[in-house]
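Remarks on the structure that follows.
Each chain gets a letter, A, B and so on, in the order its sequence line appears, and its residues count up from 1.
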Protein chains: 2
Amino acid sequence: MALKHTILAFLSRQPLSGYEVAKEFAEGFGSCFWKASQQQVYAELTKLEQQGNVTYEAIPQPGRLDKKIYSITEQGQQELIDWLMQPSEPAAIREDLGVMGLAGHLVPVPAVIREIERRRQLHAEMLQQVQALDEQFAQNLATLELKDLYMHLIIRRAIRYQESWVAWCDEALAAIQASPGIDDDRDALKGRST
Amino acid sequence: MALKHTILAFLSRQPLSGYEVAKEFAEGFGSCFWKASQQQVYAELTKLEQQGNVTYEAIPQPGRLDKKIYSITEQGQQELIDWLMQPSEPAAIREDLGVMGLAGHLVPVPAVIREIERRRQLHAEMLQQVQALDEQFAQNLATLELKDLYMHLIIRRAIRYQESWVAWCDEALAAIQASPGIDDDRDALKGRST
DNA sequence: TTCTTGTATTCAATTTTTTGAATACAAAAA
DNA sequence: TTTTTGTATTCAAAAAATTGAATACAAGAA
């Protein structure tokens, strides 16, 4: 599970409260890779603290629960380094649209086209978002220190990912529209005409 | 969860035993998208049968447990169609290497380079695999019936995915090697030289 | 003959993830 | 003034995925 190590990685940059860690997942890193819910973050932080990988400083807040500022410990940093030094497994593409390739013929063609058009737009928007994230790095690429270069590179990974989606949607749409089989199913929903 | 609907999609093409469904996940579809374990498949098939989405014909086999050939039911097909007609959520990129972008500076540069080189090779191999899967379709693209066109298109999705990985690895490797910060950390592992 | 690989299914336990809700207050907007 | 948004944390339950093992036999390789 990468959640543990992702949180350690956030904390290796700077101490954060649980809320702020959750925000990282909702925004920056989350928009590039994946999102973890607040509950997941808080639960993981509690475990991490029990294991001695992080500590927290409780900031008393009048009238409500303490705010906890978490920092990574020596042990936590070592744990993170050990994990980073291990070879990584390529992630699976767990993509619902893939099922369309297996059983798309059960569904009317216009519905498939609409769905791909919808996805095209979605990914184009996500592409703009990650491109915006990269702006501060992309400009002075040649002078970036290592830390920022790595950040730039993972954002580039996300950019390429979204670009490949947009390009695929265009290809798929064109291929379906050019397909000789397209007329067979055009009216599948309404019931066989003629 | 897409597991349920992926299995229904397999069965919408032809009846299969649990073992054969598991094999689909291990090979064809699995190499494009994601793999489900045998146990997961058997468990899901049992649930699907209880829900009335599939039925099975038990083939008695001398001296061992019956082989069960599962087929999709009317209800199961409707369930699958309903699911396919719903808008799909883009899948999150749950990629361990992403963490490298957050905390790569903790690790010596040569280790990062080695890891990206390793990944480049891995994805190049996976690319070849999915390209091989596409061969039968790519040749007579213009005459493909819809069912095969859809199959071709999801394989194309997988191809583009792997291509974008290979291209990114090349970009990342070049960028790291060109980085002015590269010398600062080169000997991080051995301890500060000079 | 023995070992390995492939076919074929099931059980159990654990871990991980998701979903939904509750609590509490500050600040800004309507 | 009331509502919404944002900050901040916790609990509980359910669903899903992973890990490990056991059973059973056929076929081919060593």
Between [X] and [N], is there a side-chain N or O to OP1/OP2 distance below 4.0 Å?
X: B:Lys23; N: C:dT7; value: yes
X: B:Tyr42; N: C:dT10; value: no
X: B:Lys68; N: C:dT7; value: no

Cationic tip of A:Arg160 within the cone over A:Trp165's six-membered ring, i.e. under 6.0 Å and within 45° of the normal?
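Negative - A:Arg160 is either too far from the ring of A:Trp165 or too far off its axis.
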Using atom [atom1] of [X] as one end and atom [atom2] of [N] as the other, report the distance to the nearest whole Å.
X: A:Tyr19; N: C:dA26; atom1: OH; atom2: P; result: 16 Å
X: B:Gln38; N: D:dT23; atom1: CD; atom2: P; result: 17 Å
X: B:Asp66; N: D:dA24; atom1: CG; atom2: C1'; result: 13 Å
X: A:Phe25; N: C:dT18; atom1: CZ; atom2: P; result: 11 Å
X: A:Gln40; N: C:dT15; atom1: CD; atom2: C1'; result: 12 Å
X: B:Leu3; N: C:dT18; atom1: CG; atom2: C1'; result: 16 Å
X: B:Glu89; N: C:dT19; atom1: CD; atom2: P; result: 10 Å
X: A:Leu45; N: D:dA8; atom1: CG; atom2: P; result: 14 Å

Using the side-chain heavy atoms of B:Arg94, tell me which of these nucleotides is nearest: C:dT17, D:dT18, C:dT10.
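The closest nucleotide is C:dT17.
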Quick one: which of C:dT9, D:dA21, D:dT10 gets closest to the side chain of A:Gln39?
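The answer is D:dT10.
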Mind telling me whether B:Trp83 and B:His5 have parallel, tilted or perpendicular rings, with 30° and 60° as the class edges?
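B:His5 and B:Trp83: parallel rings.
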Please find out if less than 6.0 Å separates the ring center of B:Phe10 from that of B:Phe25.
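Ring centres of B:Phe25 and B:Phe10 closer than 6.0 Å.
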With no hydrogens and no angle check, just 3.5 Å: does a side-chain donor-acceptor pair link A:Ser88 and B:Arg118?
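On atom types as modelled, these side chains do not qualify, holding no pair under 3.5 Å.
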